[in-house]
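Comments concern the structure below.
Residue numbering restarts at 1 for every chain, and letters A, B, ... go by the order of the sequence lines.
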Amino acid sequence: MLEIANVRFDADSIDVARALIGVEVLVDGVGGRIVETEAYDASDPASHSYGGPTTRNAALFGPPGHAYVYRSYGVHWCLNFVCREAGHGAGVLIRAIEPTHGLDVMRERRRLIDARRLCSGPGRLSQALGITGAHDRLPLDSAPFELRPSPMIAEILISPRIGISKAQDMPWRFGLAGSRFVSRPFK
DNA sequence: TTTACGATTAACT
DNA sequence: GTTAATCGTAAAG
């Protein structure tokens, strides 16, 4: 059994995406509580892993409980957690966190004061935590990563995913109810 | 080698 | 609320 911070990473990406809401993620001690995720799977046309392994998405086909970091729009780094079993190609995109640790470091990296917009979006979050391609394929249960169990029973909201052109109707986006730190409001 | 395309963001009105 | 800029990938030539 592969379990980190009370989350089983050998489960389906949808289950992992739900379970991650409320979990605290830190990178070199900087980070916060996960408030928004999206599930992706190899059978999903919107997923990077759809169509099999390539150089870019290799991490998605590696062991679960590891990071998959990719460049989006050629500009932004985005952080995913690999799940299910090695070789499957399932993952969870971390879309937003509520900053709790290292606010000053994040503000300096982002050149931004407003905590609400500091990590509300996959690209913003990665910039605030200092995530780069160097974090691709790193295990989530050892430095610089640290995952801490959710301190509460999270109330979960569900909606279709954002910013994709395929499989748009699949309700595979999950968020923490009432959080002001999500990238876009839930209906 | 060339080209089309985004799992977005920032800067607008 | 809207729109334009952005450039690493991967697939095609």
Side-chain angles (χ1 to χ4, degrees), chain A residues 9 12-21 23 25 27 32 34-62 64 66-84 88-99 106-138 140 156-176 179-187:
Chain A
F9 281 85
D12 283 349
S13 51
I14 292 175
D15 294 334
V16 176
R18 287 187 68 108
L20 282 173
I21 299 297
V23 171
V25 54
V27 180
I34 297 174
V35 297
E36 187 179 346
T37 60
E38 282 181 6
Y40 288 87
D41 189 89
S43 61
D44 168 11
S47 172
H48 283 179
S49 57
Y50 188 71
T54 65
T55 307
R56 174 171 68 141
N57 67 21
L60 272 175
F61 291 89
H66 285 230
Y68 164 49
V69 179
Y70 70 93
R71 190 82 97 148
S72 173
Y73 292 89
V75 187
H76 317 285
W77 293 108
C78 294
L79 174 64
N80 300 249
F81 293 168
V82 180
C83 57
R84 255 180 173 235
H88 185 86
V92 174
L93 170 68
I94 311 301
R95 283 194 56 90
I97 67 176
E98 173 183 344
M106 292 193 235
R107 289 197 175 102
E108 190 172 330
R109 285 174 178 154
R110 298 255 312 126
R111 302 263 159 74
L112 184 75
I113 310 264
D114 182 11
R116 182 168 160 170
R117 294 167 67 178
L118 211 47
C119 301
S120 61
R124 297 170 174 178
L125 173 164
S126 300
Q127 186 181 8
L129 300 206
I131 299 282
T132 70
H135 295 84
D136 195 33
R137 314 198 74 155
L138 293 183
L140 299 174
I156 311 285
L157 299 177
I158 304 175
S159 85
R161 293 174 294 182
I162 290 177
I164 57 176
S165 55
K166 298 164 190 163
Q168 291 169 321
D169 296 334
M170 303 278 82
W172 291 343
R173 173 174 177 247
F174 302 93
L176 177 64
S179 175
R180 307 185 335 273
F181 297 91
V182 295
S183 61
R184 303 192 58 171
F186 285 74
K187 184 162 53 171

Quickly work out the [X] [atom1] to [N] [atom2] distance and round it to whole Å.
| X | N | atom1 | atom2 | answer |
| --- | --- | --- | --- | --- |
| A/R95 | B/dT9 | CZ | C1' | 12 Å |
| A/D41 | B/dA7 | CG | C1' | 15 Å |
| A/E38 | B/dA7 | CD | P | 11 Å |
| A/L118 | B/dT9 | CG | P | 13 Å |
| A/W77 | B/dT8 | CH2 | P | 16 Å |
| A/Y50 | C/dA10 | OH | P | 17 Å |
| A/R110 | B/dT8 | CZ | C1' | 12 Å |
| A/R71 | C/dT6 | CZ | C1' | 11 Å |

Hey, does the side-chain of A/Y70 have a donor or acceptor N/O within less than 3.5 Å of a partner on the base of B/dA7?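 Pair found.
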
Evaluation steps, side-chain hydrogen bond (donor to acceptor under 3.5 Å, both in side chains), between A/S120 and A/R124: CA-CA 6 Å; A/S120 61; A/R124 297 170 174 178; 3.0 Å; yes

Within the structure shown, what part of the strands sits under 4.0 Å from A/R124 by heavy-atom distance: base, sugar-phosphate, or nothing?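 Sugar-phosphate, no base atom in range.
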
Does A/R184 reach a base, just sugar-phosphate, or nothing at all? Heavy atoms under 4.0 Å.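 The answer is nothing, as A/R184 stays clear of every strand by at least 4.0 Å.
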
Between A/S120 and A/V75, which has a closest nucleotide on DNA chain B that is more 5'?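 Closer to the 5' end of DNA chain B: A/V75.
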
Can you tell me the pairing partner of B/dA11 across any strand shown, Watson-Crick or G-U wobble, with both distances under 3.5 angstrom?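 Paired with B/dA11, as far as the under-3.5 Å criterion goes, is C/dT2.
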
Does [X] make a side-chain N or O approach to OP1 or OP2 of [N] shorter than 4.0 Å?
| X | N | value |
| --- | --- | --- |
| A/R173 | B/dA7 | no |
| A/S72 | B/dT8 | no |
| A/S165 | B/dG6 | yes |

Do any N or O atoms from the side chain of A/N80 and from the backbone of A/G91 form a donor-acceptor pair under 3.5 angstrom?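 The answer is no, because no donor-acceptor pair under 3.5 Å joins these two groups.
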
Has A/R95 got a side-chain atom pairing as donor or acceptor with A/E36's backbone, closer than 3.5 angstrom?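 Between the backbone of A/E36 and the side chain of A/R95 there is no qualifying donor-acceptor contact (under 3.5 Å).
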
Could you tell me whether the side chains of A/R110 and A/Q127 share a donor-acceptor contact shorter than 3.5 Å?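 There is such a pair (donor and acceptor under 3.5 Å, judged by atom type) between the side chains of A/R110 and A/Q127.
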
Counting side-chain heavy atoms from C-beta on, which of B/dT8, C/dA10, B/dA7 comes nearest to A/T54?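 Of all the options, the side chain of A/T54 is nearest to C/dA10.
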
Might you confirm whether atom CD of A/Q168 has over 12 heavy atoms from other residues, nucleotides or ligands at distances under 6.0 Å?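 Yes - once you tally the heavy atoms of other residues, nucleotides and ligands closer than 6.0 Å, there are more than 12.
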
